[in-house]
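Heads up, the thing below is written out as structure tokens.
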Amino acid sequence: MHNKADMCVTSLKLNSERARDIDFSLPFLDTGISIIVKIRSGVLSPTAFLEPFEYSTWVIILFVCIHVAAISIFLFEWVSPYSFNMQKYPPPEHKFSLFRSYWLVWATLFSASVSTDVPKSTVSRLMALVWAAFGLTFLAVYTANLAAFMITRVQYYDLSGIHDPMLNFPHDQKPPFRFGTVDGGNTHETMKRNWHKMHEYVKHNKYFRMNISAGIEAVKNEELDAFIYDAVVLDYWAGKDANCALMTVGKWASMTGYGIGFPKNSPHTSLVNHYMLQYQQKGDLERLQNFWLTGACTPDSHSQTQSAPLGIENFLSAFVLLAGGIIVSVIVLGFEHIYCMHLRKPLQKIDPNGWCGIISMAMGKSLTFTEAVDRVQEWRSRTQSLASTNSPQLKRRRSANLRPTEEPFNQDLNPPRRSPRFLQVETNL
């Protein structure tokens, strides 16, 4: 501007304000405004075990297929003349009910190594085999998809560009999205002139940084979620980052280029433009850009090529499933206590013949075999009496009352015989 130098060669962007004071050569490098964000290690969702299938598929499997299969197996077993024959009790030595049918269906679905009671009729066994084939297919597809969903993936803010809603409406995010730029730079002037709302947000929250280095450190330390600046410079910083933890995202905005500055009406402008065109035609400028501006970190290097150990936060879905199973078990235990204490006697009056046994054999026995409770009480009382007779104090009293000569010897030869009635009761229990 003051004719103290013939040219200025630096990262000088072409814009209308500068063109009023100096002349520019042809652009030797294209650039624009871009966004840089931090790459974060991915964390699996607590519901990752449900992601292999859509929620509608889970609803169909859990609330339609399982119930249809279990009820079909039991109905075939109840109607078949080789089993219940539409009666209240199954044949001797055959244990089956509606709840046992559900247990068979669940165990077959997940290939659980547990003991199950199989149906007796041919049609019920055929239905069980069909369900086993369904369970095998389901488990194979679920396991194959689960392995893909359990891979940790890198996470970053995938902004579409300067017009992304996260930048234009940052307060709609929870927490608000934080972004900034260099104070007083060309990007700042462009933001002030074209994107007033973004400029006011950055200015109000004091997200400006003094230079590009401070902005990059703010993104790496998560003081800012994104940093807006010159695209070529941000690509350079992302490529040379030691941990490859940075990435430029979105489309470039306000496309322009870098040029060499000359004083007004300089004789060197036409000569430099002539050589600049030759370098562009030969591809020299592109080779120089790839050699000097491309770093070691490329977008392909962010893809995960090997498995990483899963932390506790990545395995949270299994603990959620375990906790859910414990909670459901506690609820079922509460229902058992409520049934035994409050519902069993009213149900005896409603169902005196024990038809509930076809739903649950344990429920049917609790309604029809009331003497089982009396046997348990008798067993407890006799156990307590037996424990009291074997106490040390009672043994010392007995030893003091024994005769010193023949009675102990005779007692060993002819021990007192226990009541056969007591042995019989113990065996029946």
Side-chain angles (χ1 to χ4, degrees), residues 8 10-22 24 26-40 154-241 245-259 261 289 293 295 297 299 302:
C8 174
T10 182
S11 56
L12 190 63
K13 275 188 177 182
L14 283 71
N15 57 39
S16 58
E17 290 84 0
R18 293 169 180 172
R20 287 196 298 262
D21 299 323
I22 62 175
F24 283 101
L26 294 175
F28 60 86
L29 188 62
D30 294 329
T31 186
I33 295 178
S34 184
I35 309 166
I36 193 169
V37 295
K38 182 182 178 181
I39 300 173
R40 306 183 305 274
V154 295
Q155 295 179 348
Y156 57 90
Y157 294 107
D158 191 12
L159 305 176
S160 60
I162 202 67
H163 300 289
D164 193 272
M166 297 183 70
L167 298 177
N168 289 274
F169 306 98
H171 290 293
D172 294 344
Q173 311 299 320
K174 301 298 179 181
F177 192 74
R178 303 163 300 172
F179 60 92
T181 187
V182 175
D183 188 16
N186 181 76
T187 304
H188 181 197
E189 296 299 326
T190 305
M191 184 182 295
K192 184 190 301 185
R193 184 173 58 251
N194 300 327
W195 309 306
H196 305 285
K197 187 182 296 186
M198 294 172 56
H199 175 261
E200 293 298 327
Y201 175 78
V202 175
K203 181 180 179 181
H204 176 74
N205 293 278
K206 299 179 180 179
Y207 288 152
F208 287 113
R209 292 297 182 266
M210 295 301 298
N211 50 49
I212 181 62
S213 300
I216 295 298
E217 287 299 323
V219 174
K220 294 174 68 174
N221 297 331
E222 298 186 0
E223 299 174 5
L224 294 177
D225 298 319
F227 194 74
I228 304 173
Y229 198 65
D230 182 78
V232 175
V233 178
L234 293 182
D235 284 338
Y236 173 75
W237 278 89
K240 78 180 194 69
D241 184 68
L246 300 174
M247 174 184 287
T248 56
V249 294
K251 297 179 180 180
W252 292 4
S254 299
M255 295 291 296
T256 182
Y258 290 117
Q289 179 183 356
L293 299 181
C297 296
H302 297 310

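This one's a predicted model, so the numbers in the text were calculated from it and none came from an experiment.
Among all heavy-atom pairs drawn from Lys220 and Leu246, the shortest one is CG-CD2, 3.7 Å. A pairwise comparison of heavy atoms in Trp252 and Ala231 identifies CE2-CB, 3.3 Å as the closest pair. Heavy-atom minimum distance, Ile36 versus Ala238: CD1-CB, 4.1 Å. Nearest heavy-atom pair, Phe24 versus Lys13, reported as atom, atom and distance to 0.1 Å: CZ-O, 3.7 Å.
Annotation: the span from Asn221 atom CG to Lys38 atom NZ amounts to 7.0 Å, rounded to 0.5 Å. Once rounded to the nearest 0.5 Å, the distance linking CD1 of Ile162 with OG of Ser254 reads 8.0 Å. Arg18 CZ to Arg20 CZ: the interatomic distance, rounded to the nearest 0.5 Å, is 12.0 Å.
Among residues two or more places apart in sequence or in another chain, the side-chain contact (heavy atoms from CB on, under 4.5 Å) test is passed with Thr10 by Cys8, Leu12. In this structure Thr248 satisfies the side chain to side chain donor-acceptor pair (under 3.5 Å) test together with Asp235, sequence neighbours excluded. Arg193 is linked by a salt bridge (charged side-chain N to carboxylate O under 4.0 Å, His left out) to Glu17, counting only residues two or more places apart in sequence or in another chain. Residues satisfying the side-chain contact (heavy atoms from CB on, under 4.5 Å) test with Ile212, not counting sequence neighbours, are Ile216, Phe227, Tyr229, Val233, Leu234, Trp237. The ring pair (Phe, Tyr, Trp, His ring centres under 6.0 Å) search around Tyr157 returns Phe177, not counting sequence neighbours.
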Review item, side-chain donor-acceptor pairs of residues 28-35, under 3.5 Å, at least two apart:
unit_1, atom_1, unit_2, atom_2, d
Thr31, OG1, Asp230, OD1, 2.8
Thr31, OG1, Asp230, OD2, 3.3

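Annotation: salt bridge (charged side-chain N to carboxylate O under 4.0 Å, His left out) contacts involving residues 156-180, sequence neighbours excluded, comprise Arg178-Asp225. A side chain to side chain donor-acceptor pair (under 3.5 Å) check over residues 195-214, counting only residues at least two apart or in different chains, returns the pairs His188-His199.
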#### Entry: Stepwise side chain to side chain contact (heavy atoms under 4.5 Å, CB included) check, Thr181 with Phe208
CA-CA 5 Å; Thr181 187; Phe208 287 113; 3.7 Å; yes
### Task
Before giving the answer on side chain to side chain contact (heavy atoms under 4.5 Å, CB included), spell out for Met198 and Phe179 the whole-Å C-alpha distance, their side-chain angles and the decisive distance to 0.1 Å.
CA-CA 9 Å; Met198 294 172 56; Phe179 60 92; 4.0 Å; yes
